[in-house]
Amino acid sequence: MILFEALSSIIIIFAAFYGLFLGGCMKNPNHSHNLLSYYTNLSNIIVLVYQLCVLASLFVPKSGFYCAVRSPILQYTVTNTIVITFLVYHFILYPAIKIKRESMTDAEKSGGVITPNNLCVHYIVPLGSLAFWLLFADKNLPFYCVFSWLAVPAAYSVYILSRAAHGINIYGKDTPYPYFFIDRKLIGTKCFIRNIALSLLAFFLLGLITFGVSRLYFL
């Protein structure tokens with residue numbers, strides 16, 4: 001089981017590293033300008049760092065580091081953080097890019113093409129991380145984790161709003177907002193507030209669902 005866990009971790013690490021850097025920044029240098037602007041990239045970086053810690057912890061199985069890396073709440077939070085990347089891309093961004101392709105910049109259009117790096121960061125890493133959690137994670141979770149994990153999307157929202165308040169545009173775009181559904185300049189303040197609220201609700205529902213799945217292991 002330990003060997004299988006290590007191999008799974010290595011696959012996720014490689015997919016994240018390739019999607020972010022080898023197939024992302026190195027092939028498209030402009031990608032590096034927005035590396036820390038998009039939730040997709042940040043969530044993949046979180047998974048990359050986490051899985052590197054998982055791999056390292058296998059060499060010290062009786063240490064406090066090993067136990068910390070396998071904290072049920074940490075594993076649950078990391079999994080939810082990256083799964084939302086898949087859900088938003090597959091069900092919202094990808095269809096929208098296909099519909100509005102002609103009015104988008106080249107950088108935005110590239111998001112609608114299933115290139116190897118897009119496949120890695122939007123599908124392989126999220127779904128691989130979900131499978132990793134289902135197979136290896138400690139699922140003895142307290143119910144408050146459904147609320148505590150919302151600190152992740154809340155922090156990202158504050159980050160994006162802070163960038164916007166300082167007038168820092170996304171590289172290659174005439175807007176500080178990375179996604180059209182939270183672009184206040186494009187959709188207006190009313191829709192912006194509504195979409196932020198709906199996004200946080202979606203994050204909460206995802207947390208409830210994954211928590212419910214964790215309970216199934218104790219039936």
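When each of Leu74, Thr79, Asn80 is tested with Tyr76 by the rule side-chain contact (heavy atoms from CB on, under 4.5 Å), just one qualifies, namely Asn80.
In this structure, CZ in Arg215 is found 6.0 Å from CG in Asn140, a value given to the nearest 0.5 Å. With rounding to the nearest 0.5 Å, the separation of CZ in Phe17 from SG in Cys120 is 12.0 Å. We find the CG-CG distance between Leu20 and Leu35 to be 6.0 Å, quoted to the nearest 0.5 Å. Interatomic distance, CG of Asn44 versus CZ of Phe21, reported as 9.5 Å (0.5 Å rounding). To the nearest 0.5 Å, atoms CG (Leu52) and CD1 (Ile10) are separated by 10.5 Å. Note: Leu206 CG to Leu87 CG = 6.0 Å, rounded to the nearest 0.5 Å.
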Output, in order, the C-alpha distance, side-chain angles, deciding distance and verdict of side chain to side chain contact (heavy atoms under 4.5 Å, CB included) for Leu36 and Asn41.
CA-CA 6 Å; Leu36 301 180; Asn41 296 334; over 6 Å; no

Step-by-step side chain to side chain contact (heavy atoms under 4.5 Å, CB included) determination, Phe204 to Val146
CA-CA 7 Å; Phe204 175 68; Val146 172; 3.3 Å; yes

Would you please test Phe65 and Cys53 for side chain to side chain contact (heavy atoms under 4.5 Å, CB included) and show each step?
CA-CA 9 Å; Phe65 176 64; Cys53 290; 3.9 Å; yes

With side chain to side chain contact (heavy atoms under 4.5 Å, CB included) as the test, would you mind laying out the steps for Thr210 and Trp149 before giving the verdict?
CA-CA 11 Å; Thr210 48; Trp149 101 268; over 6 Å; no

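The shortest side-chain heavy-atom distance between Arg70 and Val54 falls under the 4.5 Å cut-off. Proximity of Phe180 to Ile187: side-chain heavy atoms (C-beta onward) are nowhere separated by under 4.5 Å. Using a 4.5 Å heavy-atom cutoff, the side chains of Pro176 and Lys185 are in contact. Between Leu186 and Thr175 the shortest side-chain heavy-atom distance does not fall below 4.5 Å. Proximity of Ser37 to Tyr171: side-chain heavy atoms (C-beta onward) are nowhere separated by under 4.5 Å. The side-chain heavy atoms of Asn118 and Tyr89, taken from C-beta on, include a pair separated by under 4.5 Å. Annotation: side chain of Ile160 is not in contact with side chain of Tyr39 (no heavy-atom distance under 4.5 Å). Looking at Cys145 and Thr77, their side chains never come closer than 4.5 Å, going by heavy atoms from C-beta outward.
Taking both residues in full, the closest heavy atoms of Leu200 and Pro153 are given as CD2-CB, 4.2 Å, listed atom of the first, atom of the second, then distance. Among all heavy-atom pairs drawn from Tyr123 and His90, the shortest one is OH-ND1, 2.7 Å. Listed here is the closest heavy atom pair of Pro142 and Phe211: O-CE1, 3.7 Å. Between Thr85 and Ser43, the shortest heavy-atom contact is OG1-OG, 2.7 Å. Here the closest heavy-atom approach between residue Leu141 and residue Pro72 is recorded as CD2-O, 3.2 Å. Leu134 approaches Tyr217 most closely through the heavy-atom pair O-OH, 2.9 Å.
Linking Ile, Leu, Val, Met, Phe, Trp and Tyr whenever their side-chain heavy atoms come within less than 4.5 Å puts Tyr159 and Phe192 in one cluster. When hydrophobic clusters are built by joining Ile, Leu, Val, Met, Phe, Trp and Tyr residues whose side-chain heavy atoms come closer than 4.5 Å, directly or via intermediates, Leu7 is not grouped with Tyr50. Transitive grouping of hydrophobic side chains (ILVMFWY, heavy atoms separated by less than 4.5 Å) keeps Ile11 and Ile82 in distinct clusters. Hydrophobic clustering places Val83 together with Ile73 (ILVMFWY residues linked when any side-chain heavy atoms are closer than 4.5 Å, directly or through intermediates). Residues Leu3 and Phe59 fall into different hydrophobic clusters, defined by Ile, Leu, Val, Met, Phe, Trp and Tyr side chains chained together at heavy-atom separations under 4.5 Å.
Atom CD1 of Ile2 has 12 or fewer neighbouring heavy atoms from other residues, nucleotides or ligands inside a 6.0 Å radius. Taking a 6.0 Å sphere around CZ of Phe218, one finds it holds more than 12 heavy atoms contributed by other residues, nucleotides or ligands.
Without hydrogens or angle criteria, Ser9 side chain to Glu5 main chain gives no donor-acceptor distance under 3.5 Å. In this structure, Arg184 contributes its side chain and Ile193 its backbone to no donor-acceptor pair below 3.5 Å.
Between Tyr156 and Tyr179, the ring planes are tilted. Angles from 30° to 60° get that label.
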N/O donor to acceptor pairs below 3.5 angstrom from side-chain atoms of residues 124-132, sequence neighbours left out:
| from | atom 1 | to | atom 2 | distance (Å) |
| --- | --- | --- | --- | --- |
| Ser129 | OG | Val125 | O | 2.7 |

